[in-house]
Amino acid sequence: MTTVFEQRLRQGEDGQRPRIAFVLPGGGSLGAVQVGMLQALAESGIRADMVVGTSIGGFNGSFVAADPLNGHVALAKVWNTLKRRDILSLDPRNIALGLLGRRDSIFNNDRLLAFLHRNTPLDRLELGEIPFTVTATDLETGQPTALRNGPAITALMATGAIPGVLPAVLRDGRLLVDGGVTAAWPVQIAIEDGADIIYVLETATVSTMQRRRGALAMFERGVDMITEHAIALERQAIFAAHEGRVFEIPAPTSRTSILDLSTTAELIGAAHANTHRWLAQHPCPAAIDLTRG
């Protein structure tokens with residue numbers, strides 16, 4: 001017997017094509033792979049009807065929300081000129097104060113704030129061409145929080161605020177931090193918002209990370225391992241509950257760390273080619289026919 005979902009995939013509910021959601025998890029500098037994925041999706045005629053982003057995926061998702069067809073073009077320009085100093089300021093005094101318990105974070109977020117003011121394509125979350133949700137974590141309750149309205153920059157600051165690394169962000173009376181802490185794969189939001197097909201644009205796995213020495217490298221490795229285990233649990237539950245509805249676009253193999261922006265062009269190119277190969281094996285029933293005017 002044909003399910004309602006299968007019928008919608010074939011002909012669309014009320015004559016409309018199935019609704020597609022892009023879910024963009026975090027991953028620091030590895031968020032560059034999402035640029036290549038978005039390029040390949042656009043070239044294959046796969047357009048998002050809604051987007052959900054976490055951490056760096058929230059920033060990338062803002063470009064999709066602002067321009068679902070061509071947002072990846074402007075996003076690529078930002079990534080191809082991005083340097084770590086544009087986002088983080090390595091101040092030994094702040095790091096020392098953080099480690100001594102005199103500060104709640106080892107980095108300031110002033111450079112990140114300036115970067116977002118220069119580059120964020122939306123003033124407010126609700127002003128996108130398609131629905132846009134940014135996820136964060138309520139620091140007091142420990143609960144995931146979906147942000148759909150209000151200033152885009154404070155939402156992006158909040159979803160990127162790794163606890164202890166960047167300051168928590170006060171928004172609507174709540175202290176918010178990185179959405180990936182409680183929902184590394186925020187697929188449920190897209191499902192609740194009515195998505196029929198969900199593409200998760202993954203960034204990387206622990207096994208691909210370069211093993212280096214030093215305290216910073218150990219920190220990166222630890223964060224990566226925690227994230228990977230959290231994602232593995234979420235992935236298992238999501239695929240079990242929504243078989244045939246959620247598709248993970250795999251990230252290309254990489255040995256780039258989450259703070260290394262020296263291989264951005266290579267990551268974008270590898271993800272672009274890898275996604276086209278993956279899409280050839282997983283055709284989308286709701287893709288737009290690009291040969292038609």
Side-chain angles (χ1 to χ4, degrees), residues 3-10 12-14 16-27 31 33-35 37-72 75 121-122 125-136 144-149 152 155-156 159 179-180 183-203 231 234-235 237-251 271 275 278-279 282-288:
T3 66
V4 172
F5 174 63
E6 289 170 334
Q7 291 174 351
R8 288 169 73 177
L9 286 184
R10 291 176 181 174
E13 186 178 41
D14 299 328
Q16 301 297 316
R17 69 180 183 88
R19 294 181 290 271
I20 297 174
F22 290 171
V23 173
L24 284 69
V33 304
Q34 292 175 344
V35 179
M37 293 173 179
L38 291 170
Q39 291 172 342
L41 287 164
E43 291 162 1
S44 299
I46 302 174
R47 185 189 70 200
D49 298 294
M50 62 187 75
V51 60
V52 182
T54 295
S55 197
I56 191 61
F59 175 71
N60 291 343
S62 69
F63 285 78
V64 180
D67 185 352
L69 290 178
N70 298 302
H72 60 279
L75 180 61
L122 294 174
L125 299 178
E126 69 269 24
L127 296 182
E129 292 295 320
I130 57 176
F132 177 36
T133 303
V134 173
T135 68
T145 301
L147 306 174
R148 295 183 170 89
N149 301 285
L156 297 180
T159 193
W185 263 33
V187 168
Q188 191 59 38
I189 291 174
I191 291 171
E192 292 172 356
D193 288 349
D196 298 308
I197 301 171
I198 299 163
Y199 287 101
V200 181
L201 282 62
E202 190 52 276
T203 52
I231 289 176
E234 286 190 51
R235 180 191 290 118
I238 288 167
F239 284 145
H242 306 287
E243 184 178 0
R245 188 175 184 179
V246 179
F247 302 90
E248 176 188 3
I249 301 179
T275 302
W278 184 87
L279 288 170
H282 302 82
C284 177
I288 303 167

Tell me if a side-chain donor or acceptor on N60 pairs with a main-chain N or O of Q34 at a distance below 3.5 Å. no
Checking R47 side chain against I20 main chain: does a donor-acceptor pair fall under 3.5 Å? no
Say you draw a straight line from CG of L122 to CG of D67; how long is it, rounded to the nearest 0.5 Å? 10.5 Å
Between the OG1 atom in T54 and the CD1 atom in I56, the distance rounded to the nearest 0.5 Å is 11.5 Å
Heavy-atom nearest pair, T135 first then T159, reads O-OG1, 2.5 Å
Full working for side-chain contact (heavy atoms from CB on, under 4.5 Å) between L41 and H72: CA-CA 10 Å; L41 287 164; H72 60 279; over 6 Å; no
Does the pair R19 and D196 meet the rule for a side-chain contact (heavy atoms from CB on, under 4.5 Å), with working shown? CA-CA 5 Å; R19 294 181 290 271; D196 298 308; 3.7 Å; yes
Value rounded to 0.5 Å, distance of OG1 in T203 from CD1 in I249: 12.5 Å
On a heavy-atom basis, the closest approach of A48 and F22 is CB-CD1, 3.5 Å
Test W185 against V23 for side-chain contact (heavy atoms from CB on, under 4.5 Å), laying out the working first. CA-CA 7 Å; W185 263 33; V23 173; 5.7 Å; no
Verdict with reasoning, C284 to F247, per side-chain contact (heavy atoms from CB on, under 4.5 Å): CA-CA 10 Å; C284 177; F247 302 90; over 6 Å; no
Distance check, rounded to the nearest 0.5 Å: D193 atom CG versus D49 atom CG? 12.0 Å
Parallel under 30°, tilted from 30 to 60°, perpendicular over 60°: which one fits the rings of F59 and F63? perpendicular
T133 side chain near R148 side chain, heavy-atom distance below 4.5 Å: yes
I130 and P68: which non-hydrogen atoms are nearest, and at how many Å? CG2-CG, 3.6 Å
Shortest non-hydrogen separation from E202 to A251 and the atoms involved: O-CB, 3.7 Å
L24 and G61 have their tightest heavy-atom pair at CD2-N, 3.7 Å
If you look at every heavy atom in G26 and S55, which pair is closest and at what distance? CA-CB, 3.8 Å
